[in-house]
There are 2 protein chains.
Amino acid sequence: MAQLFVCQGHDVIPRWREAFAEARLVTPEQARAQAGAGDRVWVTSDLDRWSGLVSNLSRRGAILSVLSYAPNSLEAFQALGAGARGYAHVLSPPELLRQVEMVVTHQGIWVWPELLAQVVGGAFRTLGGEAMLQKETLACLTEREQAVALAVAEGLSNKAVANRLAITERTVKAHLGAVFRKLGVRDRMQLILKLSHQEQDAL
Amino acid sequence: MAQLFVCQGHDVIPRWREAFAEARLVTPEQARAQAGAGDRVWVTSDLDRWSGLVSNLSRRGAILSVLSYAPNSLEAFQALGAGARGYAHVLSPPELLRQVEMVVTHQGIWVWPELLAQVVGGAFRTLGGEAMLQKETLACLTEREQAVALAVAEGLSNKAVANRLAITERTVKAHLGAVFRKLGVRDRMQLILKLSHQEQDAL
DNA sequence: TGTTACCCTGTCCATCGGTCCAATACCGAT
DNA sequence: ATCGGTATTGGACCGATGGACAGGGTAACA
């Protein structure tokens, strides 16, 4: 469970060593070579292709946090989208870094406090809008059919939907068949498109 | 620093007491009366006006987590938008509940794992960073793989893609396999979800 | 009581989808 | 000229999917 700080060496942050005595400073290349599952890896967003590094290491099971000199919401979502679980200022005090580390090691998300409101608020508005569009097409479905349709629209397999709704896979198929018939689609792929993106349903 | 579980009493979850020995079960009214700054409050989403309760208590400094019998992205955003910091299944095992508690008390966000991708993705789209991210994901594909990926993202079957591109269905499978590998997705549904929010600008 | 709608389950079967094993050919780079 | 990447196929395997057919149960309603 190594604690790795990825940087180019041009600016070593003493706060990092204060926060984690056992921290190791490594180059991006060393990080790619050494980081494994469970390692806590900290990446500064001034590195070249930092998001690629983040997604690479996070896919390998490492726990990523991104540190930025100028935190902003877009970069925050780039970080989270790439698989990072933490996003904070690069000069955060040691106590804060330890707090971030505590959160991310427990499967949590830690975002720079000033951005948290936009993160949640903005996301909620879009989801609300999408929900309105979905409501129309879902209106003609029964409650259970809607649950199945929405689960399928998330990319789940029939087995996964059955597991989530605590019913058999066969029942999922039955509901799904009804959904296809009512919405006039042929398969789950077109259902996903219909629910996730309304405007082009000329199929 | 009380640990309060808000419920109507009709279904007391023993896991809650397993997770937190000092937990107190309270009604929504009791919660409004007793909860104060620093208290950890757990609310089930089957309560009437649960989101109002959540926003009320969170404004008073309590640390809110929402527990749902059927977690879904819309409800997750409602919860986060109302000020909750945690969102999990109501039947989560005690270890998971303690993990959530650990995260939220350290200023973190904890979201039911299956919803995390959507939470991040939905919020990212809000800020208009979608097109850039999509171009980045398509950039690592060859010209032919992009054509196949985009056709599949329209909901076409392998056979239909083969007809459009004037190649064999077998070849479509080959390209598609490469696309899955490079983009780190498991099947065509994940691919659709990854690409369905852009199109129109890559051809 | 019969009807209707919804929810749940089962079996059978044809097709589709994804991955494994190959192979051939083109083209640029070393 | 050999090597690596890309594009193109083939076959085979097996799980996932969707449709057809055939039921079970509950609840509301005339």
Side-chain angles (χ1 to χ4, degrees), chain A residues 49 52 56 59 134-135 137-196 201 203, chain B residues 10 46 69-70 72 91 114 117 135-196 202-203:
Chain A
R49 299 184 303 280
N56 185 322
R59 264 199 289 273
Q134 286 188 1
K135 241 181 178 176
T137 59
L138 292 177
C140 61
L141 302 180
T142 69
E143 189 174 354
R144 214 53 174 161
E145 289 163 354
Q146 288 183 23
V148 172
L150 288 175
V152 168
E154 294 175 14
L156 299 180
S157 68
N158 287 340
K159 194 187 298 281
V161 176
N163 193 16
R164 169 183 294 191
L165 299 182
I167 55 181
T168 49
E169 188 176 349
R170 182 60 194 88
T171 309
V172 174
K173 290 184 179 180
H175 290 310
L176 206 44
V179 171
F180 293 158
R181 197 163 21 81
K182 289 181 178 177
L183 297 187
V185 297
R186 237 183 60 267
D187 53 33
R188 66 208 296 110
M189 252 66 74
Q190 299 183 359
L191 175 63
I192 292 179
L193 291 173
K194 199 177 188 68
L195 291 183
S196 67
D201 48 2
L203 295 172
Chain B
H10 56 287
D46 59 348
Y69 281 94
N72 64 81
L91 296 178
E114 280 77 359
K135 283 205 173 91
E136 191 177 319
T137 62
L138 286 176
C140 62
L141 302 180
T142 69
E143 191 173 350
R144 213 57 171 160
E145 287 164 355
Q146 287 185 23
V148 173
L150 289 173
V152 167
E154 292 178 18
L156 300 181
S157 67
N158 286 341
K159 194 187 297 272
V161 175
N163 285 334
R164 169 181 294 190
L165 300 181
I167 55 180
T168 313
E169 186 176 350
R170 184 61 195 82
T171 311
V172 174
K173 286 187 176 183
H175 289 310
L176 210 42
V179 171
F180 293 157
R181 191 164 28 79
K182 290 182 177 178
L183 296 188
V185 297
R186 221 170 76 311
D187 52 33
R188 68 204 297 108
M189 283 180 296
Q190 311 289 330
L191 177 63
I192 289 180
L193 291 174
K194 203 179 184 71
L195 297 181
S196 64
L203 283 179

Q: Using a cut-off of strictly less than 4.0 Å, decide whether A:T142 has a side-chain nitrogen or oxygen near OP1 or OP2 of C:dC7.
A: yes
(Q) Please tell me if A:N158 has a side-chain N or O lying less than 4.0 Å from either OP1 or OP2 of D:dA16. (A) no
(Q) Does D:dT9 have OP1 or OP2 under 4.0 Å away from a side-chain N or O of B:T168? (A) yes
**Q.** Atom-to-atom span, CG of A:L141 to C1' of C:dC7 - whole angstrom
**A.** 15 Å
Q) Could you give the CD1-to-P distance, from A:I192 to D:dT17, as a whole number of Å? A) 10 Å
Q) What's the CZ-P distance between A:R181 and D:dG19, to the nearest Å? A) 9 Å
Q) Under the side-chain contact (heavy atoms from CB on, under 4.5 Å) criterion, do A:V148 and A:L141 qualify, and how do the steps go? A) CA-CA 10 Å; A:V148 172; A:L141 302 180; over 6 Å; no
Q: Let me have a per-nucleotide readout for nucleotides 19-30 of chain C, 5' to 3', with B, S or -, counting only protein heavy atoms under 4.0 Å.
A: BBB---------
Q. Atom CZ of A:R188 and atom C1' of D:dT17: how far apart are they, to the nearest Å?
A. 7 Å
Q: Would you mind reading off the distance between B:Q146 atom CD and D:dT6 atom C1', rounded to a whole angstrom?
A: 14 Å
Q. What integer distance in Å separates B:E145:CD from D:dG5:C1'?
A. 11 Å
Q. When you match B:M189 and B:A166 each to their closest nucleotide on DNA chain D, which lands nearer the 5' end?
A. B:A166
Q.
Given 3.5 Å as the limit, does a donor-acceptor pair link the side chain of B:N163 with the main chain of B:A166, or not?
A. no
Q) Does A:R144 put a side-chain nitrogen or oxygen below 4.0 Å from OP1 or OP2 of C:dC8? A) yes
Q) Hey, is the main chain of A:T142 close enough, under 3.5 Å, to the side chain of A:E145 for a donor-acceptor pair? A) yes
Q. Going by heavy atoms in the side chains, are B:R188 and B:F180 under 4.5 Å from each other?
A. yes
(Q) Which nucleotide wins on minimum distance to the side chain of A:D187, given the candidates C:dC16, D:dG18, D:dT8? (A) D:dG18
(Q) Between P on D:dG18 and CD on A:E169, what's the gap in Å once rounded to a whole number? (A) 10 Å
Q | Check: A:D187 and A:Q190 side chains under 4.5 Å, non-hydrogen atoms | A | yes
Q) Rounded to whole angstroms, how far apart are CD on A:E143 and P on C:dC7? A) 7 Å
Q) Mind checking whether A:V152 and A:S157 have side chains closer than 4.5 Å, heavy atoms only? A) no
Q: Compare side-chain N and O positions of B:S157 against OP1 and OP2 of C:dC16 and report whether any pair is under 4.0 Å apart.
A: no
Q: Counting heavy atoms from C-beta on, name the nucleotide in D:dT17, C:dG18, D:dT8 closest to the side chain of B:H175.
A: D:dT8
Q) Do A:T168 and A:V172 touch side chain to side chain, with heavy atoms closer than 4.5 Å? A) no
Q) Of all the nucleotides listed (C:dC7, D:dT6, C:dT9), which has the minimum atom distance to the side chain of B:K182? A) D:dT6
Q) What interatomic distance, in whole Å, is found between C1' of C:dA5 and the corresponding atom of D:dG24? A) 15 Å
Q. Is A:T171 close to A:R144 at the side-chain level, that is, under 4.5 Å between some pair of heavy atoms?
A. no
